[in-house]
Amino acid sequence: MVFMKVESDTIYHLADLSNFSISEKEAESLKKDLSEILKYVSQLDKIDVEGIEPTYQVFEMENVWRDDEILEQEALREDLLSLTKETKDNQIKVPKVL
Amino acid sequence: MKTANKIVSAVRLVQDALDKAHEFSDYNIFTFINDEVALKKAREIDAKIARGEKVGRLAGVPYALKDNFLSPDGETTASAKILTGFSSPVTATAVAKLEAEGAIMIGRTNLDAFAHGSSTENSYFGPTLNAFDRTRVAGGSSGGSAVAVALNIVEFATGTDTGGSIRQPASFNGVYGFKPTYGCISRYGVVAMASSTDCVGFFTKSSEDMNLLMEIANGKDSKDLTTLDNYYNDVESKEIRKIGIVKDFDNDSVAPEIRKALSDKCELLKSKGYEIVELEMPALKYALAAYYIIVPAEVASNLSRYDGVRYGFRSDNSADLDGLYANTRDEGFMPENKRRIMIGNFVLSSGFYDAYFLKAAKVRTLIIKEYEQAFKQCDFLLTPVSPNPAFKLGEKVNDPVAMYLEDMMSVSLNLAGVPGLAIPAGETDKGLPIGLQLVGPRRSDKALITFSKELENE
């Protein structure tokens, strides 16, 4: 496995991918924690998986379909819009995008 | 369990439970207590009983709901700041099924935020205290639910188990905790953590109660296409003769008192004529490493939806939309949530995917095969739930790897999708509960629960 020490720029890159605006102090403690976690999981190096197929899910079926029909909804549009902070003309209001 | 009837009213059962919930408030079990609505529902059931109408199998039974199940009663926060203020307009299928039988939710229980943790210390609302020793953790992530049952506040509680989150707190608090076969109970309306391992299950004081709840809650749900058909009652029971012990778990990393409890139960089974077989399952020791790659990857994906726009907490004073996302997520998640999301994004990122995620997915295959082999040699397995009994508050909360190691014996079941029942198995010298888990092949849920009677002390 390719375990290497986690550097600060990796932490900021991961924070960016994860959409976190982390502080310098937080970055330091994340660097330590993530290094330890990755070091621990890197023990998979020791196990041989040559020729083994990966498993991504353990449900016994694949591609379960339902009929394409409109079902009764539990929540109305007003119920859902009432969960947000600010709405205007039945739309959710957020700070400027650009 | 006690249900309401003409002599003992639902109001009485519910009022008793509410009184106890308030009495034990210093244990920090509940994120919400459902005082008014619970009593209103109890009065409705009493009125039905008075009119001689048919009532459900859980009529007037007070229960506690882990705070990651959606329902309109109270806010559903998953014990995370980012979901504070969120009152769900929809009801989880599991909740709807329980309430259709007359069960009454008296409170929502504390958990590690988004069920990320093994101690309930990662909650935005602070830790829940262990029912047997207030200086120790409740276990987690369903710590509040386990303690609510252990302190006799409620008859049962719901939980979710992604890697041990029902079984481990059950064993830390001396109650039954069941993680069914993957797909047995609908997850519609349950806050998602890792979709390929998440399971809904229960905490109870007896195996009979567990069976009743499973009969009610299992089955296909058109709102969750990862539910299996209604197999729970229909699987033919077969004679149980051989119980397997995993030799790889019988080593110094497991507390001596837990190993003793296991050997005591083996002696009990032998005295009843069962055969004990020792098995080697060498891939299981890699289950934890595989789990802490696969699950964070799924967590990173499932938790990307929390952005402060549509519901829950939103950070103030963001200059633009990107800032709103980043500030809301930074302020709204607990440190363990962030670790898991970032690890997930790391193992999925280009350059590391093959070495981490793909490798872990292949190890998962080996673990599944190992269980299949094991169940050719025995009917069920009996193992510890965790290497130690409840640890001290604060002992591991700042050391993520030490905390993860507590999940060593529980996560492989979730990777394989097989059921596991945590059962009480005595106490340590210090009076802390010890739990063991019975593990069976897929769809052996009912047989597993029934068989656990054999492990009860006379």
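Heavy-atom basis, side chains included; hydrogens, waters and symmetry copies ignored. In what follows, chains carry the letters A, B, and so on, assigned in the order in which the sequence lines appear, proteins first and then strands, with residues in each chain numbered from 1.
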Open item on the list: Can you give me the closest heavy-atom contact between G117(B) and N122(B), atom names plus distance?
Closed with: CA-ND2, 3.7 Å

Open item on the list: Nearest 0.5 angstrom please: M334(B) CE to H116(B) NE2, how far?
Closed with: 12.0 Å

- [ ] To the nearest 0.5 angstrom, please state how far the OG atom of S8(A) sits from the CG atom of L30(A).
- [x] 10.5 Å

Open item on the list: Please give me the minimum heavy-atom distance between Y291(B) and P296(B), naming the atom from each residue.
Closed with: O-CD, 3.4 Å

TODO: Below 4.5 Å from any heavy atom of chain B, which atoms of K46(A) appear? Answer side chain, backbone, both or neither.
DONE: both

Task: Pairwise side-chain contact, Y232(B) with T181(B), heavy-atom cut-off 4.5 Å (strictly under) - done: no

TODO: Calculate, to the nearest 0.5 Å, the distance between atoms OH and CG belonging to Y286(B) and D45(A) respectively.
DONE: 9.5 Å

- [ ] State the NZ-OG distance between K81(B) and S315(B), to the nearest 0.5 angstrom.
- [x] 7.5 Å

Open item on the list: Given 3.5 Å as the limit, does a donor-acceptor pair link the side chain of Q57(A) with the main chain of F59(A), or not?
Closed with: yes

- [ ] Decide, yes or no, whether a salt bridge links R443(B) with D229(B) under the criterion of side-chain N to carboxylate O below 4.0 Å.
- [x] yes

Open item on the list: Using a strict threshold of under 4.0 Å (side-chain N to carboxylate O), is an ion pair present between E28(A) and K32(A)?
Closed with: no

Task: Residue F333(B) versus chain A: region with a heavy atom under 4.5 Å - done: side chain

- [ ] Counting only heavy atoms closer than 4.5 Å, note whether T227(B) contacts chain A via side chain, backbone, both or neither.
- [x] backbone

Task: Contact leader toward chain A among L303(B), D322(B), L228(B), L358(B), where contacts are heavy-atom pairs under 4.5 Å - done: L228(B)

TODO: Answer with side chain, backbone, both or neither: which region of I47(A) has an atom nearer than 4.5 Å to a non-hydrogen atom of chain B?
DONE: both

Task: chain B contact via Q73(A) - side chain, backbone, both or neither, heavy atoms under 4.5 Å - done: neither

Task: Options V97(A), L17(A), I22(A), D33(A), ranked by heavy-atom pairs under 4.5 Å with chain B, top entry - done: D33(A)

- [ ] Name the region of A416(B), side chain, backbone, both or neither, that has any atom closer than 4.5 Å to a heavy atom of chain A.
- [x] backbone

Task: Test log, rule side chain to side chain contact (heavy atoms under 4.5 Å, CB included), inputs R187(B) and D221(B) - done: CA-CA 9 Å; R187(B) 300 178 296 179; D221(B) 179 11; over 6 Å; no

Open item on the list: Quick check for you: among K285(B), E331(B), R314(B), which has the greatest number of heavy-atom pairs under 4.5 Å with chain A?
Closed with: R314(B)

Task: Under 4.5 Å from any heavy atom of chain A - which part of V401(B) - done: side chain

Open item on the list: As an exercise: rank N327(B), T328(B), N345(B) by heavy-atom pairs under 4.5 Å with chain A and give me the winner.
Closed with: N345(B)

Task: Heavy-atom pairs under 4.5 Å with chain A, option from L405(B), N398(B), L288(B), I367(B) with the top count - done: L288(B)

Task: Among the listed options I92(A), T87(A), T55(A), the residue most often paired with chain B at heavy-atom distances under 4.5 Å - done: T55(A)

TODO: Side chain from CB out, backbone as N, CA, C, O: work out which of these in S88(B) comes under 4.5 Å of a heavy atom of chain A, or both, or neither.
DONE: neither

Task: Salt-bridge criterion met for R339(B) and E336(B) (N-O under 4.0 Å) - done: yes

Task: Selection from H13(A), E60(A), E26(A) maximising heavy-atom pairs under 4.5 Å formed with chain B - done: E60(A)

- [ ] Step by step, work out the side chain to side chain contact (heavy atoms under 4.5 Å, CB included) result for L34(A) and F346(B).
- [x] CA-CA 10 Å; L34(A) 264 54; F346(B) 177 82; over 6 Å; no

TODO: Determine the option with the most heavy-atom pairs under 4.5 angstrom with chain A, choosing from A300(B), A319(B), G344(B).
DONE: A319(B)

Task: Region of E53(A) in contact with chain B, defined by heavy-atom distances below 4.5 Å - done: backbone

TODO: Count the heavy atoms of every other residue, nucleotide or ligand shown that sit under 6.0 Å from NZ of K220(B), and state whether that count exceeds 12.
DONE: yes

Open item on the list: Test your reading of the model: is there a side-chain donor-acceptor pair from D48(A) to the backbone of E50(A), 3.5 Å cut-off?
Closed with: yes

- [ ] Could you check which of L324(B), I368(B), D307(B), I343(B) has the highest count of heavy-atom pairs closer than 4.5 Å to chain A?
- [x] I343(B)

Task: Contacts with chain B made by residues 74-85 of chain A (heavy-atom distance under 4.5 Å), listed by residue number - done: E74(A), A75(A), D79(A), L80(A), L83(A), T84(A), K85(A)

